[in-house]
Amino acid sequence: MSDTAQKTAILSIPGMDPIELPMLKGTLGPEVIDIRALGSHGYFTYDPGFVSTASCKSHITFIDGARGVLLYRGYPIDQLATQCDYLQVCYLLLNGDLPDNEQYREFRHRITHHTLVHEQINSLFKAFRRDSHPMAIMCGIAGALSAFYHDSLDIYDPEQRELTAMRLIAKMPTLAAMSYKYSIGQPFMFPKNSLSYAGNFLNMMFATPCEDYEVNPVIERALDRIFILHADHEQNASTSSVRIAGSSGANPYACIAAGLASLWGPAHGGANEACLRMLERIGTVERIPQYIAKAKDKNDPFRLMGFGHRVYKNYDPRAKVMRQTCHEVLNELHISNHPLLDVAMKLEEIALHDDYFIEHKLYPNVDFYSGIVLNAIGIPTNMFTVIFALARTVGWISHWIEMNEDPASRIGRPRQIYIGEAEREVKPLGERQKCVVCHPE
Ligand code: CMC
């Protein structure tokens, strides 16, 4: 990254001398205009949704949406998904490179030995109704973790930050499985250190104290792949929420709770759940055209869930890997006539050839396929976003650490264009007219 400005952009505002703005260049990606000095000229910029705004410099993940490229620390996502396991990818995201054998063994040992949660956390679950959405439980419990780990809340201490990262990566599967067990009234299962990260999660989800669960290696691998594909995605809404929350100096568990809350929305991490519910609602291949028409109708709020992405204007590279995994899992489980998959495949085919979807560059995203895989392996629909959150925790905490290490970090505080009333005077109560906002004529 070169901060020495090679080029400058000139901003010309009538009646003012031209303003010179330095141009910055990252390792990859387009040149960026550094507008930090605009404030001293009395101006700022307007950019809802931050479509044209970089909020930070980051070493972690690179996306080229036009070419469908996703790199974690420089490594292409398809290579990571096929040649590494999730814990190697966690190590990579946190530390900057893939581990060797010894580093991997040590990292796996540390994560495995942090998977237990404090016994008192069990009682927190009881405060929730049985029919609570597991994401509601996760938001509450993740924030509450800060009440349990006073030894690692100093955000200025690198060792404490690292310990927090280990704890979060290790404990999220335990908490996620607990939120499911609680909802179905079964006892919580302890983590099992002999199992892999994904295998342990499956065991905590599906074993009971009366019956062992045998981890199927194809399912274990598929879940691990889902974790890898969701591990990070640069400055998305939930990661930006974690960074904004952390920019005020908030403790890491509070920041992760902010990330969870943001992820829950159907335009972000809630899309996998929404996508499956949509496929169920469509039900049969014959009904697809009617839903395509609804998605194209500007007067209808319906959108095809699992399609489109803020940055990918080409096939989502994660969706390519997930599509293949989806077929592997369905073959393994001998599901040849999966009605949801039939609808999904036909929907994909129709949408990819439809003028509206072509013009709007709307391709299937990762959640289009991950929902089908999770459904096939027996994960209930309301757990889909929890699984996304579990996987994304390493991304959130890597960004949180990066932000805390960056001397350029400042509290996140966007500006606004004020369009409300101009200054006016308060009249005495008896002299005021009826408020027209509450009582429109
Ligand atoms: N179905 C139908 N039309 C769509 C869709 C869709 N899924 N997505 C976007 N459009 C249209 C939209 O109506 C608009 O049309 P026009 O320009 O004619 O008014 C145009 O495409 C641009 O849409 P936008 O909402 O301005 O785009 P955005 O970048 O703000 O939104 C998105 C991106 C992901 C929120 C949106 O595509 C969407 O709602 N998709 C469905 C939800 C989904 O699958 N989300 C998961 C994203 S992947 C997981 C993750 O990384 O979080």
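Quick caveat, the model's predicted, so the values are computed rather than measured. Atoms within a ligand are numbered from 1 in the order they appear, just like the ligands themselves.
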Sequence neighbours excluded, which residues qualify as salt bridge (charged side-chain N to carboxylate O under 4.0 Å, His left out) partners of R415?
->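 For R415 there are no salt bridge (charged side-chain N to carboxylate O under 4.0 Å, His left out) partners, ignoring immediate neighbours.
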Take atom NZ of K296 as the centre, draw a 6.0 Å sphere, and report whether it contains more than 12 heavy atoms from other residues, nucleotides or ligands.
-> yes
How would you list, by chain and number, every residue that makes a side chain to side chain donor-acceptor pair (under 3.5 Å) with S262, sequence neighbours excluded?
->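 Partners of S262 under the side chain to side chain donor-acceptor pair (under 3.5 Å) test: S241.
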Under a 4.0 Å heavy-atom cut-off, what residues line ligand 1?
-> P266, A267, H268, A271, A295, K298, R303, L304, M305, G306, F307, G308, H309, R310, R318, Y356, H360, L362, N365, D367
Under 4.5 Å between any side-chain heavy atoms of H309 and V366, yes or no?
-> no
Salt bridge (Lys or Arg N to Asp or Glu O under 4.0 Å) contacts touching residues 242-263 (sequence neighbours left out) = R243-E402
The single option from F384, F128, W264, Y182 that satisfies ring-ring contact (aromatic ring centres under 6.0 Å, His included) with H133 is W264
